[in-house]
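A short worksheet on the structure shown next.
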Amino acid sequence: MRTVRAVAWKEIQIFFLSPTAYIVGMIFLALTGFFFSRDLGDPFPEATLSPFFQGAVIIFILLAPALTMRLIAEESKLGTIELLLTSPVRDWEVIIGKYLASLIFFLALVAMSGFYVILLFVYASPDPGPIYAGYLGLTLYGAAALSVGMLTSTLTSNQIVAAVVAMGILLALFFADLAFGAVGGLPGEIIGELGMKTHFDDFDRGVIDTRHIVYYLSVIAFFLFLSVRALESRRWR
Amino acid sequence: MQAPVPAPMIQASDVTHYYGPYPAIQEVNFSVRKGEVLGFLGPNGAGKTTTMRILTGFLPPSRGSVSLDGFDVVEKSLEVRRRVGYLPETVPLYTDMTVTNYLKYMGTLRGMPAARIRARLGEVIDVCRLGDYRKTQIGKLSKGFRQRVGIAQAIIHEPEVLVLDEPTIGIDPIQVVETRSLIQELGREQTVVLSSHILPEVSMICERVLIIHEGRIVAEDTPQNLAEGLQGLERLEVEVGGPSAQVLPALQQINGVISVTHRNNQGRHTYTIQAQPGRDLRDDISRAVIGNGWSLRGMQLMGMSLEEIFLRLTTQEDL
């Protein structure tokens, strides 16, 4: 556990010291700010965070890979992975440590959007239910997106490739529910169920359904498991 | 020398490693005693780095097995990695960390308790003479200082075995000397395995040398024996004052001489004599020269340098 903490702590320091993370943070806040405030100009605006949540899930498709692309790919490129993997550290400790670091930075980003919540509560009386549920959903969604990025970063030493492939996978998962219409029957239904967006919408409506929580946790476990395997496979290639 | 032979620290048996279809090393066998300093000598691409990587558990051997302190590098990888300090050839470091933070991080990864890291940090920084650069970002250090940081991280957890891949490559001559003496110092207490393509370096630091060529070990001995085994007394050069037309046949007639070549260098007549292996002809030659009334102006054993031996060993196919 100490090694997980050491790996995570080192990555967190890099996150909070590197310009990339701040650029990602700035883009996130600027875009979600736009989504949040867009409908506020209406004559009778609704006191809701829904536009923010709907915008954030799209933005994360681009931002999550930008946060994770560095994590392992850079070590492969610089060769520091050789010292990491010849240290008495288990492969899962490396993956979990790095993943936790990206998750913590991500949560810090999400926490910044608390400003919008404060504004809503100061100027209106929004229904708190969908806000709690929405944040839970957003956290799970983001955590899943980061786990996808974690895997692609483990598979290559090229950060750009890692980011682009992760974006591809996330886009495919995001639009999976469209296949529900295109592919009929059971296959279509299965593909639809894999959609990351489908499972988010209930949270946005204020519904906390265990099925969706299990879905996101499964996605995270699946991609992190593959990441550990991919890291392990370096020893055999 | 002692009666009960202790188990070797490292034991490699029939180790072969393939990159795709190409063998990087083939049927490599060697063992390293506890406390020994062993050098791998070979040209670039001979398989030195592959061997180092297998020793440290970074690569598994395709065939064969390696054990370190009794632990198999594949089956008990974690135990092996706990006992090894490793400096890869490229000295990969996190350039955006400071020296102190980096060493602390590596110490933690090696499972050292925080108190011990604090205690060792000062020692390691002293040994590697990094005192003025504790708070410097590694990216801002010169190549030689990075090398020292690399060695510092390899020894911070006091590993039983130190594996150094080309530890003096790419640094300036003064730093090379410093690094060598540092390794010699470390070699007094630890088992050290290092690789190099520089002969004087290996003969200076190592107690035993393995010459590796095209993935196979072609020779193994102490640097002294390697040199003696091949240089011997068989080739010597004499300078004789006398008519070369008579000196040459006289020398050729000495029992044990295989060939004599004559060189006239501005009136100085030198003869290079190749004797039969194991024969010391110095007395016979001097008697022959003096007995004929000529003057013996000089005599020199033409021992081959390690460089020549290395070339000779590695250019012959069946050894």
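Here the side chains of B/Y94 and A/I14 are not in contact, with every heavy-atom distance at 4.5 Å or above.
For B/R83, no part lies under 4.5 angstrom from a heavy atom of chain A. Of the atoms belonging to B/E79, not a single heavy atom falls under 4.5 Å from chain A. Neither the backbone nor the side chain of B/Y18 comes within less than 4.5 Å of any heavy atom of chain A. Looking at B/P159, there are no atoms closer than 4.5 Å to chain A (heavy atoms on both sides), in backbone or side chain.
Annotation: B/K140, atom NZ; neighbour count of heavy atoms from other residues, nucleotides and ligands within 6.0 Å does not exceed 12. More than 12 heavy atoms of other residues, nucleotides or ligands lie within 6.0 Å of CZ in A/F16, so this atom counts as buried by the packing criterion. Other residues, nucleotides and ligands contribute only 12 or fewer heavy atoms inside 6.0 Å of the NZ atom of B/K76. Within a 6.0 Å radius of CZ in B/R129, other residues, nucleotides and ligands contribute more than 12 heavy atoms. Counting non-hydrogen atoms of other residues, nucleotides and ligands closer than 6.0 Å to CD of B/E189 gives a total of 12 or fewer. In the displayed structure, B/R116 atom CZ is contacted under 6.0 Å by more than 12 heavy atoms of other residues, nucleotides or ligands.
Proximity to chain B among residues 74-89 of chain A is limited to A/E75, A/L78, A/G79, A/T80, A/I81, A/E82, A/L83, A/L84, A/L85, A/T86, A/S87, A/P88, A/V89, judged by heavy-atom separations below 4.5 angstrom. Within residues 95-116 of chain A, no residue approaches chain B closer than 4.5 Å by heavy atoms.
For the atom pair CZ (A/R2) and OG1 (B/T108), the distance works out to 5.5 Å, reported to the nearest 0.5 Å. From A/K10, atom NZ reaches atom CG of B/L109 across 9.0 Å, with rounding to the nearest 0.5 Å.
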